[in-house]
Visitor: 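Have a look at the structure that comes next, please.
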Amino acid sequence: MRVLILHGWQGSGEGHWQRWLASRLREAGHHVQFPELPECDVPCPDRWGAVFRSELGRLAARRDDERIVVAHSLGCVLWLREAAAVAASRRVDRVALVAPPGPGAEIEQLAGFYPTGAEHDAVAAAAGHTRLVCSDDDPYCPGGAAHVWGEPLGLETDLVRGGGHLNVDAGYGPWPELEGWCLGTRTSPAPAARYAGAKNGAEM
């Protein structure tokens, strides 16, 4: 199994579930790519796209290995922007898009990533299966990601009630359900509620 993890705006700092997941999968002997995307506080879609395409090439280096992409926040938007350009030889098997922000959030640093140009057929062609994991109260996706992204793109969606941005501040450090989905032991990465001590925050 080969896994590419894409972080969001401002990166995935200490305690973030993406760091936990990368460590767990590496310890299990799997190939994990977790690039630091350039200038993540003031991201540039062209520079992020260039790194993404390079990383996707590395992911496809071994044809017989399963290929998985796990993206959070702006990393999801990056995947959606690039999906139409994913060549058949670089097509991945599974994608998990966790808490993609929407253009309605009107965050100046993210404005260049919209519109994504994402279309149903292109997203479907880029991966064997794409799954959306989002909450019903994400402050970075007014209207809800299930409606903004899931419905028009035809994505199978796990809706987390009260999950916020599904980041550290929402209580998401270790995420065993998502690990299980990556390993193929779970059909859904939908998390159990874990909001004790959580607070609203800006890290994406």
Side-chain angles (χ1 to χ4, degrees), residues 1-26 30-62 67-87 89-92 94-119 122-123 126-127 130 132-134 138-141 145 148-149 165-170 172-173 175 178 182 201-204:
M1 185 173 71
R2 300 173 71 83
V3 183
L4 171 59
I5 299 177
L6 299 172
H7 67 68
W9 180 39
Q10 300 177 333
S12 294
E14 291 300 321
H16 197 286
W17 61 263
Q18 286 191 315
R19 291 191 176 275
W20 176 87
L21 180 64
S23 177
R24 293 279 296 182
L25 294 177
R26 284 170 177 153
H30 299 290
H31 172 89
V32 178
Q33 298 166 217
F34 189 10
E36 292 290 335
L37 297 169
E39 298 181 15
C40 63
D41 288 337
V42 188
C44 169
D46 291 339
R47 294 189 65 194
W48 276 34
V51 173
F52 167 79
R53 290 187 290 275
S54 175
E55 293 290 334
L56 195 63
R58 290 182 57 211
L59 194 73
R62 294 178 58 126
R67 306 170 193 171
I68 298 173
V69 173
V70 179
H72 180 242
S73 191
L74 194 61
C76 303
V77 178
L78 176 64
W79 170 263
L80 295 172
R81 283 177 58 87
E82 297 288 334
V86 174
S89 61
R90 295 186 174 188
R91 187 174 189 262
V92 303
R94 292 186 285 146
V95 176
L97 302 177
V98 181
E106 297 183 352
I107 298 172
E108 180 180 357
Q109 295 91 330
L110 312 188
F113 284 78
Y114 305 105
T116 64
E119 297 180 350
V123 172
T130 302
L132 173 65
V133 185
C134 61
D138 189 339
Y140 299 104
C141 195
V148 173
W149 302 112
H165 196 51
L166 297 174
N167 58 359
V168 176
D169 289 329
Y172 291 86
W175 190 336
L178 183 53
C182 288
E203 184 185 71
M204 298 178 69

Visitor: Checking Glu82 now: which residues fulfil side-chain contact (heavy atoms from CB on, under 4.5 Å) with it, not counting sequence neighbours?
Guide: Phe52, Arg53, Leu78

Visitor: How would you list, by chain and number, every residue that makes a side chain to side chain donor-acceptor pair (under 3.5 Å) with Arg26, sequence neighbours excluded?
Guide: none

Visitor: With sequence neighbours left out, what residues match Arg58 under side chain to side chain donor-acceptor pair (under 3.5 Å)?
Guide: Glu55

Visitor: Got more than 12 heavy atoms from elsewhere within 6.0 Å of CZ, Arg62?
Guide: no

Visitor: The criterion is side-chain contact (heavy atoms from CB on, under 4.5 Å); which residues satisfy it with Ala60, sequence neighbours excluded?
Guide: Arg67, Arg90

Visitor: List for me each residue that meets salt bridge (charged side-chain N to carboxylate O under 4.0 Å, His left out) alongside Glu36, sequence neighbours excluded, and say none if there are none.
Guide: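 For Glu36, the residues satisfying salt bridge (charged side-chain N to carboxylate O under 4.0 Å, His left out) (neighbours in sequence not counted) are Arg19.
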
Visitor: Taking the side chain as everything from C-beta on, heavy atoms only, tell me whether His31 gets closer than 4.5 Å to Val3.
Guide: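 In short, these two side chains do not touch, never coming nearer than 4.5 Å.
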
Visitor: Could you note down all residue pairs passing side-chain hydrogen bond (donor to acceptor under 3.5 Å, both in side chains) where residues 39-51 supplies at least one of them, sequence neighbours left out?
Guide: Glu39-Arg47

Visitor: Return the orientation label for the Tyr114 and Trp149 ring planes: parallel under 30°, perpendicular over 60°, tilted otherwise.
Guide: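 Rings of Tyr114 and Trp149: parallel, under 30°.
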
Visitor: Would you please name every residue forming a salt bridge (charged side-chain N to carboxylate O under 4.0 Å, His left out) with Glu119, sequence neighbours left out?
Guide: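 Glu119 satisfies salt bridge (charged side-chain N to carboxylate O under 4.0 Å, His left out) with no other residue.
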
Visitor: With sequence neighbours excluded, what pairs up with Cys182 under the side-chain contact (heavy atoms from CB on, under 4.5 Å) test?
Guide: Leu21, Leu25, Val70

Visitor: Check salt bridge (charged side-chain N to carboxylate O under 4.0 Å, His left out) between Arg2 and all other residues, then give those that pass, not counting sequence neighbours.
Guide: none

Visitor: Please list all pairs meeting side-chain hydrogen bond (donor to acceptor under 3.5 Å, both in side chains) that have one or both residues in residues 99-113, counting only residues at least two apart or in different chains.
Guide: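 Every pair satisfying side-chain hydrogen bond (donor to acceptor under 3.5 Å, both in side chains) with a residue in residues 99-113: there are none.
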
Visitor: Could you pull out all residues at least two apart from Ser54 that satisfy side chain to side chain donor-acceptor pair (under 3.5 Å)?
Guide: none

Visitor: Quick one: list whatever passes side-chain contact (heavy atoms from CB on, under 4.5 Å) with Ala105, sequence neighbours left out.
Guide: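 Here the qualifying residues are Ile107, Pro142.
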
Visitor: Would you please test His16 and Glu14 for side chain to side chain donor-acceptor pair (under 3.5 Å) and show each step?
Guide: CA-CA 6 Å; His16 197 286; Glu14 291 300 321; over 6 Å; no

